[in-house]
Amino acid sequence: MLPEAASTLPKKERLNGKKDISALLAGGKWGSVGCLRYCSKPNALEYSRIVVSVPKRLFKRAVKRNLLKRRMREAYRTSKQLLGACPQDILFQYISPEIAELQEIRLSVETILKKLAK
RNA sequence: AAGGUGAAGCGAUCUGUCGCGCAGCCAAAACUGUGAGGAAAGUCCGGACAGGACAGGGCACCCCGCUGCGGAAAGCGCAGAAGGGAGCAAUCUUUUGGAGGCCGUAACAGAGAAUAACCGCCAGAUAACAUUAUUUGGCAAGGGUGAAAACGCGGGGUAAGAGCCCACGACCAUCGGCAGCGAUGUCCUUGGGGUACGGCACCGGGGCCUGCAAAACCAAAUAUACCGGAAAGAAACGCCCCUGUGGUUGUUUCAAAGAGUUGCCCGCUCUUUUCCGGGGGGUAGGUCGCGAAGAUAAAUGACAGAUUUAAAAACAGAAACCGGCUUACGGCUUCACCUUUUAU
RNA sequence: GGUGGGUUCGUAUAACGGUUAGUACUCAGGAUUUUCAUUCCUGCAAUAGGAGUUCGAUUCUCCUACCCACUA
């Protein structure tokens, strides 16, 4: 695995489209770690795809939601090599009512990726 | 120097590493360029744009209503006029009006809330006979109530009183002069005397309805208007096994119904059922609307260093565009003005 | 994104701009009963927040906050 490719997050590695997301929600496995909840499902592609989500119920201001989504993407980008060679679709959902720091989110994301790599 | 009032403005900058959206070459990589706000917010107004409706005109309905200028328009901006309120002041804030016809309301209190007689004042008559009572009439000067009580004060006048009359004022309307583009102000002439609020009618101006999830283009699956072609059904008795409103089944019998075409028959056509092919509108989806930020689960971040700073910390993130309004906001700069104190 | 509607005791609801904001259930106290339930009496308890119009605002106007519905 190339070290440059390990820390990028191009558009094709993001899950989009109503059908794919519905399929993930319908057939994925759920779990939660720390301030995050995740839902994963293996896919048939050569790379993994992710979705990040912050509920509007917890944070009314768009600025705070954008901040948390950026932190979650950043944490996944810097630590996605932990996932190894088993591609899957992952949904990250933020469930804490408080704004967490980047280190805390990174810790949760790394725990989730280690679990999913097994 | 301290406090305050008004107006305008800033909303950190630079460098390096990693990373993201879009564009630049047909695709990828690499490279280059570019990438949130003063409010992007609330959606409170208006516009532009788009579709639908619509010959033209009127009524109804809705909105606005002091003046001038700006503006495409606006519950818009600037400057002003009149009245009220806050402040020592700088200054801030709020209201109306055009015309005055009709109607409604004014709780409680109070005699009375809009054709005012409870107490009271005065005159006449009767009973009674110094006085009082009853009754008829006149009177808005005094009382107290209330948010609001029928111009103020002085004099004349009268039975008692009253703008009833007079002088001086206040208010409303008005011919004329002067100032002003104008609202209006001021001087003068003449006239007036039941308040406040709201609605209707009248006058002037404006307004069709819906909204980018609008609209336009391409267009699966399913159902289907329409067109072309082909076929037809029912009953009885058997046969089979999965025993059912069963069937890629056999034999026999009758060859369907309605309408039209001449009264009848044949023939022909159409409808009712099934299949095949074509085909229109149109859904999912995609493109466009869409921009030198601009996507379609949605891009601006992370780390390190330097400068100003006590500390990079406030409110807050474009989803079609434009002009306003309103609301949120740490820290700070500039200008003008006011008050207080000190010094010259 | 766009367009509408709403917020009244703990709950469900009413109000012409005008008494101390009414009614039912709930809660508290008392009476009735041997006791409990039922019933009766009494009480506590609210106009989302802030300005304005008015003599006076739940009501009329504006701003803010929150909730609900419709629209692909």
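Everything quoted here is computed from the prediction, not taken from an experiment. Chain A is the first sequence line, chain B the second, and so forth, proteins listed ahead of strands; every chain is numbered from 1.
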Separation of B:A295 atom P from A:Lys69 atom NZ, nearest Å, is 17 Å
Taken to the nearest whole Å, CZ/A:Arg65 to C1'/B:A297 is 12 Å
Can you check whether A:Arg71 reaches A:Ile99 side chain to side chain, under 4.5 Å on heavy atoms? yes
As its Watson-Crick or G-U partner within any shown strand, both distances under 3.5 Å, B:C178 has B:G185
Syn within 90° of 0, anti beyond: B:G163 is syn
Do A:Asn66 and A:Phe59 have side-chain heavy atoms sitting under 4.5 Å apart?
no
Rounded to whole Å, CG of A:Leu102 lies from C1' of B:A302 at a distance of 7 Å
For the hydrophobic clusters of this structure (ILVMFWY residues joined by side-chain heavy atoms under 4.5 Å, transitively), does one cluster hold both A:Ile95 and A:Trp30? no
From CD of A:Glu104 across to C1' of B:A302 the rounded distance in Å is 17 Å
Legend entry - Euclidean distance for P, B:C218 against B:G56 (whole angstrom): 33 Å
Exercise for review: Write down the distance separating the C1' atoms in C:A28 and C:C44, rounded off to the nearest Å.
Suggested key: 7 Å
Point to revise | B:A148 to C:A65 separation - C1' atoms, rounded to the nearest Å | key: 39 Å
dist A:Arg77:CZ -> A:Glu74:CD (nearest 0.5 Å) comes out at 4.0 Å
Check your understanding: What is the nucleic acid contact for A:Arg73, judged by heavy atoms within less than 4.0 Å: base, sugar-phosphate only, or nothing?
Key -> sugar-phosphate
Inset, instruction - Show your reasoning for whether side chain to side chain contact (heavy atoms under 4.5 Å, CB included) applies to A:Lys29 and A:Leu116. - result: CA-CA 10 Å; A:Lys29 293 178 182 175; A:Leu116 291 178; over 6 Å; no
If pairing means Watson-Crick or G-U wobble with both distances under 3.5 Å, then the partner of B:U269 is B:A259
To the nearest angstrom, the CZ-C1' distance between A:Arg49 and B:A298 comes to 16 Å
Exercise. Rounded to whole angstrom, note down the P distance from B:A215 over to B:C290.
Key: 16 Å
Rounded to whole Å, CD of A:Glu101 lies from C1' of B:G301 at a distance of 14 Å
key: Rounded P spacing from B:U105 to B:G205 in Å   = 36 Å
If pairing means Watson-Crick or G-U wobble with both distances under 3.5 Å, then the partner of B:C202 is none
When both distances are under 3.5 Å in a Watson-Crick or G-U wobble arrangement, the nucleotide paired with B:G305 is B:C14
When the C1' atoms of B:U296 and B:C22 are compared, how many Å lie between them, rounded to an integer? 14 Å
For A:Glu110, the salt bridge (Lys or Arg N to Asp or Glu O under 4.0 Å) test, sequence neighbours excluded, returns none
Interatomic distance, NZ@A:Lys115 vs OG@A:Ser40, rounded to 0.5 Å, equals 10.5 Å
ask   = When you compare B:C153 with B:A141, how far apart are their C1' atoms, in angstrom units rounded to a whole number?
value = 14 Å
Item checked: Co-membership, hydrophobic cluster, residues A:Leu36 and A:Leu107, 4.5 Å side-chain -> no
Given the 90°-from-0 boundary between syn and anti, B:G291 should be labelled syn
With syn meaning chi within 90° of zero and anything else anti, the base of B:G38 is syn
As its Watson-Crick or G-U partner within any shown strand, both distances under 3.5 Å, B:G228 has B:C276
Rounding to an integer number of angstrom, what distance separates B:G68 and B:C321 when you compare their P atoms? 38 Å
Taking for A:Arg71 and for A:Val52 the nucleotide of RNA chain B with the nearest heavy atom, the one nearer the 5' end belongs to A:Val52
For B:A27, the nucleotide meeting Watson-Crick or G-U wobble distances (both under 3.5 Å) is none
Secondary structure of RNA chain C per the Watson-Crick/G-U criterion (both distances under 3.5 Å; [ ] crossing, | other strand, . unpaired) is (((((((..((((....[...)))).(((((.......)))))....(((((..]....)))))))))))).
Test your reading of the model: is there a side-chain donor-acceptor pair from A:Tyr38 to the backbone of A:Val33, 3.5 Å cut-off? no
Listing time: all N or O pairs from protein to nucleotides 315-318 of chain B that are below 3.5 Å?
residue : atom : partner : partner atom : Å
B:G317  : OP2  : A:Ala62 : N            : 3.4
B:G317  : OP2  : A:Val63 : N            : 3.4
B:G317  : O6   : A:Arg70 : NH1          : 3.2

Under a 3.5 Å limit on both distances, the Watson-Crick or wobble mate of B:A133 is B:U126
Here the distance between atom P of B:C303 and atom CD1 of A:Ile105, to the nearest Å, is 12 Å
Assigned chi class of B:A99 under the 90° convention is anti
The Watson-Crick or G-U wobble partner of B:G6, with both key distances under 3.5 Å, is B:C335
| Under 4.5 Å between any side-chain heavy atoms of A:Tyr76 and A:Leu113, yes or no? | yes
Looking only at B:C18, B:A298, B:A302, the nucleotide nearest the A:Arg77 side chain is B:C18
To the nearest angstrom, the OH-P distance between A:Tyr76 and B:A297 comes to 18 Å
Kindly work out whether a path of hydrophobic side-chain contacts (I/L/V/M/F/W/Y, heavy atoms less than 4.5 Å apart) joins A:Val109 to A:Leu102. no
For A:Ala75 and A:Arg106 the tightest heavy-atom approach is CB-CA, 3.7 Å
